[in-house]
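A quick note: this is a predicted structure, and the numbers were derived from the prediction, not measured.
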Amino acid sequence: MQVCFKISAVALIIVQCLIAPVRAAVGDDFTSIYSDDFETDQGIFAGTNKRFNEVSTLDGQWSLRIRKTSALRTGDWIDISAYAGLSLKFSFYGKDMDAGDSFNVATRFNGDASFAIVKEWASGTDFSNEAWIEKTVYIQIPSGKTQMKFEFRGNSNQRNDKVYIDSVMLSGSTMPVLFDIGNVLPPGGLFQCQSDCDKNSQCAGDLKCFQRDLGTKYV
């Protein structure tokens with residue numbers, strides 16, 4: 001895999017990208033910022049009528065729920081000033097979601113006018129109904145951003161289209177998280193620790209395209 005990264009003024013490679021683990025959201029490279037199983041309340045998520053005891057993961061009875069185009073959005077700003085990359089781990093359970101119905105995770109950083117989708121999952125393609133599925137989303141923190149909100153939002157058209165969210169864990173790393181954004185290049189090029197680039201011109205600014213061995217943890 002090739003990744004965009006920055007070279008120092010003396011042309012030495014800087015170790016700057018953490019290769020995100022497949023499952024573990026907390027370990028030697030990640031520090032827990034927030035976690036909740038919603039057994040007591042709805043945690044940092046704003047609004048009312050969000051928490052239900054209809055389904056839950058194996059360890060509990062309660063979870064949060066989105067329906068149609070409703071959202072579970074964090075209320076207060078989360079301080080992320082100590083981190084360069086984030087990991088959001090959660091479990092979800094779809095119910096009566098027709099093929100093509102979806103939900104997404106989106107983020108908003110201080111200074112942003114709106115939320116931006118990080119990842120979306122569609123019924124029939126990415127998941128089936130009535131089964132708990134665990135996911136981890138890796139989030140790069142843009143330069144200069146120190147606070148964040150995030151949300152889970154539905155994208156369906158029937159009141160019985162439901163997605164339950166449980167076992168949410170947000171963790172931070174002091175190193176940017178390397179992640180693959182797919183085959184479509186964003187306007188302005190790939191940012192630091194984004195992949196997959198093929199040449200320097202596909203990287204933003206003065207970043208360079210670098211080949212990383214698949215077995216390594218850092219570049």
Side-chain angles (χ1 to χ4, degrees), residues 20 24-26 30-57 59-95 97 101-122 126-127 132-174 176-177 179:
V26 177
F30 285 91
T31 301
S32 178
I33 299 173
Y34 168 78
S35 64
D36 207 328
D37 61 5
F38 311 114
E39 290 302 299
T40 303
D41 52 37
Q42 65 185 45
I44 62 175
F45 292 90
T48 58
N49 200 32
K50 305 291 185 182
R51 179 172 170 264
F52 298 87
N53 63 347
E54 297 172 357
V55 293
S56 179
T57 53
D59 297 330
Q61 297 179 336
W62 295 84
S63 61
L64 304 188
R65 189 190 73 187
I66 52 179
R67 181 170 60 182
K68 291 184 66 176
T69 58
S70 67
L72 294 171
R73 177 179 295 179
T74 56
D76 296 330
W77 289 100
I78 301 169
D79 182 8
I80 55 170
S81 58
Y83 307 105
L86 301 170
S87 163
L88 178 61
K89 181 180 179 181
F90 65 97
S91 295
F92 73 91
Y93 181 102
K95 186 174 182 180
M97 297 282 283
D101 290 345
S102 64
F103 77 100
N104 64 66
V105 168
T107 57
R108 179 187 175 192
F109 295 94
N110 55 297
D112 293 348
S114 59
F115 281 77
I117 295 175
V118 177
K119 183 70 175 179
E120 188 163 11
W121 297 268
D126 303 307
F127 67 92
W132 281 104
I133 301 172
E134 182 183 286
K135 291 292 183 181
T136 302
V137 176
Y138 297 100
I139 303 164
Q140 188 77 288
I141 301 175
S143 177
K145 302 299 184 180
T146 59
Q147 295 178 308
M148 183 196 73
K149 295 183 179 183
F150 67 91
E151 70 173 17
F152 301 91
R153 181 174 291 276
N155 184 20
S156 60
N157 58 8
Q158 301 292 330
R159 286 184 59 84
N160 65 334
D161 299 335
K162 302 172 184 178
V163 177
Y164 296 86
I165 305 294
D166 206 351
S167 302
V168 172
M169 180 183 297
L170 178 68
S171 309
S173 169
T174 56
V177 177
F179 59 100

For this session: Indicate yes or no for a side-chain donor-acceptor contact from Lys68 to the backbone of Gly154 under 3.5 Å, with no hydrogens or angles considered.
Result: no
Problem set entry | Partners passing side chain to side chain contact (heavy atoms under 4.5 Å, CB included) against Trp62 (at least two apart in sequence or in another chain) | Glu39, Arg51, Asn53
Exercise. Hey, does Val55 have a side-chain heavy atom less than 4.5 Å from the side chain of Lys95?
Worked result: no
Seminar exercise, completed: dist Ser173:OG -> Phe30:CZ (nearest 0.5 Å) comes out at 5.0 Å
For residues 76-86, tabulate all N or O donor-acceptor pairs below 3.5 Å that involve a side-chain atom, not counting sequence neighbours.
residue : atom : partner : partner atom : Å
Asp79   : OD1  : Ser81   : N            : 3.0
Asp79   : OD1  : Ser81   : OG           : 2.7

Problem set entry | Gap separating the CZ atom of Phe52 from the CZ atom of Arg65, nearest 0.5 angstrom | 3.5 Å
Exercise. Are the side chains of Lys135 and Asp126 in touch, meaning some heavy atoms are under 4.5 Å apart?
Worked result: no
Problem set entry | Least distance between heavy atoms, Ser102 atom then Ala122 atom | CB-CA, 3.8 Å
Problem set entry | Euclidean distance, Phe150 CZ relative to Phe109 CZ, rounded to 0.5 Å | 11.5 Å
Exercise. Donor-acceptor pair, Asn110 side chain versus Gln147 backbone, under 3.5 Å?
Worked result: yes
For this session: Any chance you could measure Ser171, atom OG, to Lys89, atom NZ, to the nearest 0.5 Å?
Result: 8.5 Å
Problem set entry | Sequence-distant partners of Asp41, side chain to side chain contact (heavy atoms under 4.5 Å, CB included), two or more places apart | Asp36
Seminar exercise, completed: Those residues at least two apart in sequence (or on a different chain) that pass side chain to side chain contact (heavy atoms under 4.5 Å, CB included) with Arg153 are Ala71, Arg73, Asn104, Glu151
For this session: Provide the closest heavy-atom pair for Asp166 versus Asp37 in the form atom of the first, atom of the second, distance.
Result: OD1-O, 3.0 Å
For this session: Using the test side chain to side chain contact (heavy atoms under 4.5 Å, CB included), find all partners of Ser91 that sit at least two apart in sequence or belong to another chain.
Result: Thr57, Trp132, Glu134, Ser167
Seminar exercise, completed: Sorted by chain and residue number, the side-chain hydrogen bond (donor to acceptor under 3.5 Å, both in side chains) partners of Asp112 (sequence neighbours excluded) come out as Lys145
For this session: Using the side chain to side chain contact (heavy atoms under 4.5 Å, CB included) rule, pick out the option among Leu64, Thr74, Leu88 that qualifies with Phe152.
Result: Leu88
Problem set entry | Between OG on residue Ser156 and NZ on residue Lys162, distance to nearest 0.5 Å | 11.5 Å
Exercise. Looking at Tyr93 versus Phe127, is the centre-to-centre ring distance below 6.0 Å?
Worked result: no
Problem set entry | Non-hydrogen atoms of Ser56 and Gly60 that approach each other most closely | OG-C, 3.3 Å
Exercise. Do the side chains of Ile66 and Phe92 get nearer than 4.5 Å, heavy atoms only?
Worked result: no
For this session: Drop me the distance from Asn157's CG to Asp101's CG, to the nearest 0.5 angstrom.
Result: 6.0 Å
